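What follows is a short report on a single structure.
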Number of protein chains: 2
Amino acid sequence: MNIGEAAALSGVAPKNIRYYESIGLIGPAKRAANGYRAYDETDVRLLGFVNRARSLGFSVNDVGGLLSLYQDHGRASGDVKKLALEHIEDIDRKVAELQSMRRTLKDLTDRCHGDDRPDCPILDDLAAGPDDRPDTVQAAE
Amino acid sequence: MNIGEAAALSGVAPKNIRYYESIGLIGPAKRAANGYRAYDETDVRLLGFVNRARSLGFSVNDVGGLLSLYQDHGRASGDVKKLALEHIEDIDRKVAELQSMRRTLKDLTDRCHGDDRPDCPILDDLAAGPDDRPDTVQAAE
DNA sequence: CTTGACGTTACAGTAACTGGAAGGCCTATA
DNA sequence: TATAGGCCTTCCAGTTACTGTAACGTCAAG
């Protein structure tokens with residue numbers, strides 16, 4: 001099958017399939033007589049693997065590691081689990097950071113009346129930094 | 001003061017100050033006789049503003065918008081609040097996405113014994129997709 | 001007078017694509 | 001048979017927000 005069909009079946013856009021090939025994440029595709037890339041079900045399965053791993057937030061680099069483990073039938077499941085657990089920790093760090101930003105922004109927007117008047121505690125805080133407003137309620141969680 | 005001191009006071013690295021200047025986020029700095037960039041307290045305050053906005057996750061583009069509002073004394077606080085609220089929604093979307101990834105990964109790692117044996121439900125799932133394992137428990141929240 | 005810290009510019013590289021140009025191939029229809 | 005369209009090819013540029021490096025100028029201290 002051509003790249004378009006492989007893309008539709010695997011969920012990876014043609015452009016990205018070529019990109020993954022160009023960076024060596026997946027091997028070079030076989031070619032039909034006309035020079036078009038030719039894929040079979042095995043290739044589609046592999047592309048689907050890449051797609052699912054990427055959508056779980058694994059970096060392209062990580063996916064490379066997962067692919068070698070996937071293709072190595074003697075691999076230890078502990079290696080895979082380790083990668084996945086590290087990735088969970090990454091996610092937890094990102095979530096914590098985002099939630100911290102969110103708390104600050106929520107606090108700021110709650111204190112901003114948000115009408116036509118120019119007074120705006122959001123800008124005031126950004127200009128001065130929270131340290132310059134010691135009267136602010138720093139609610140504990 | 002030189003760029004190094006302005007950097008230390010504002011929390012923005014010298015390299016990033018030059019970068020922000022190069023993309024026009026901040027205006028070109030005055031120059032001392034020797035060609036060095038020269039900053040005063042007003043500049044430092046502005047850099048600090050940029051720094052705090054960036055650390056709250058506003059894009060450089062957003063910061064540009066906030067800066068114009070900051071420097072426009074007739075602006076409406078509603079404009080600022082709108083930007084901030086949109087940003088909170090962005091954050092909420094990102095957190096939801098990350099938490100969805102985390103749930104899937106946690107489910108996978110819980111089912112992976114993670115020892116020297118090659119069997120690994122993580123790789124199996126990535127290879128086949130969750131749809132091919134209809135016996136999996138899809139816990140409600 | 002040299003050393004080291006600091007400053008300057010300019011260019012390349014990062015992650016992971018995305019868009020676009022310019023052209024080749026394939027099939028169907030008028 | 002001509003042509004229209006849709007898919008395929010390669011290659012290059014742009015995106016975001018920096019970061020690294022090179023090659024150079026300047027300044028203060030010992």
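Residue numbers begin at 1 in each chain, while the letters A, B, ... track the order of the sequences. Below, all heavy atoms of this structure are taken into account, side chains as well, without hydrogens, waters or symmetry copies. What you see is a predicted model, and the numbers here were worked out from it, not measured in a lab.
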| query | Could you give the distance from CG (A/Leu83) to CG (A/Leu69), rounded to the nearest 0.5 Å? | reply | 6.5 Å

| request: Mind checking A/Ile23 for me? I need base, sugar-phosphate or nothing, with any heavy atom below 4.0 Å counting as a touch. | output: nothing

| Does a salt bridge link B/Asp107 with B/Arg103, judged by any charged N lying under 4.0 Å from a carboxylate O? | no

| Rounded to whole angstroms, how far apart are CD on A/Glu5 and C1' on D/dC8? | 14 Å

| message | Check this for me, if you would: do B/Asp115 and A/Lys81 make a salt bridge, where the nitrogen-to-carboxylate-oxygen distance has to be below 4.0 angstrom? | response | no

| field | Donor-acceptor under 3.5 Å (A/Arg117 side chain, B/Ser77 main chain) | value | no

| request: Let me have a per-nucleotide readout for nucleotides 23-28 of chain C, 5' to 3', with B, S or -, counting only protein heavy atoms under 4.0 Å. | output: -BBS--

| task | Look at A/Arg45 together with A/Glu41 and state whether they make a salt bridge at an N to O cut-off of under 4.0 Å. | result | no

Acceptor/donor pairs from residues 22-36 of chain A side chains to any protein atom, 3.5 angstrom cut, sequence neighbours excluded:
| from | atom 1 | to | atom 2 | distance (Å) |
| --- | --- | --- | --- | --- |
| A/Ser22 | OG | A/Tyr19 | O | 2.7 |
| A/Lys30 | NZ | A/Asp40 | OD2 | 3.4 |
| A/Lys30 | NZ | A/Asp43 | OD2 | 3.2 |
| A/Arg31 | NH1 | A/Gly35 | O | 2.9 |
| A/Asn34 | OD1 | A/Tyr36 | N | 3.0 |

| message | Could you tell me how far apart B/Arg31 (CZ) and D/dG25 (P) are, to the nearest whole angstrom? | response | 16 Å

| Interatomic distance, A/Phe58 CZ vs C/dA15 P [rounded to whole Å] | 18 Å

| message | For a quick test of reading the model: is some side-chain N or O of B/Arg37 closer than 4.0 Å to OP1 or OP2 of D/dT26? | response | no

| task | Check DNA chain D against residues 15-22 of chain B and give the residues with a non-hydrogen atom under 4.0 Å, in numerical order. | result | B/Lys15, B/Asn16, B/Tyr19, B/Tyr20

| task | Rounded off to whole Å, could you give me the CG-to-P distance for the B/Leu25 and D/dT16 pair? | result | 13 Å

| query | Can you check whether A/Leu56's main-chain N or O pairs, donor with acceptor, with A/His87's side chain at less than 3.5 Å? | reply | yes

| query | Would you say A/Arg102's side chain and A/Lys106's backbone share a donor-acceptor pair under 3.5 angstrom? | reply | no

| Position toward the 5' end of DNA chain C (nearest nucleotide), B/Ile3 or A/Val60 | B/Ile3

| Below 4.0 angstrom, N of the basic side chain to O of the carboxylate: do A/Arg93 and A/Asp90 qualify? | yes

| D/dT16 OP1/OP2 closer than 4.0 Å to side-chain N/O of B/Arg54 | no

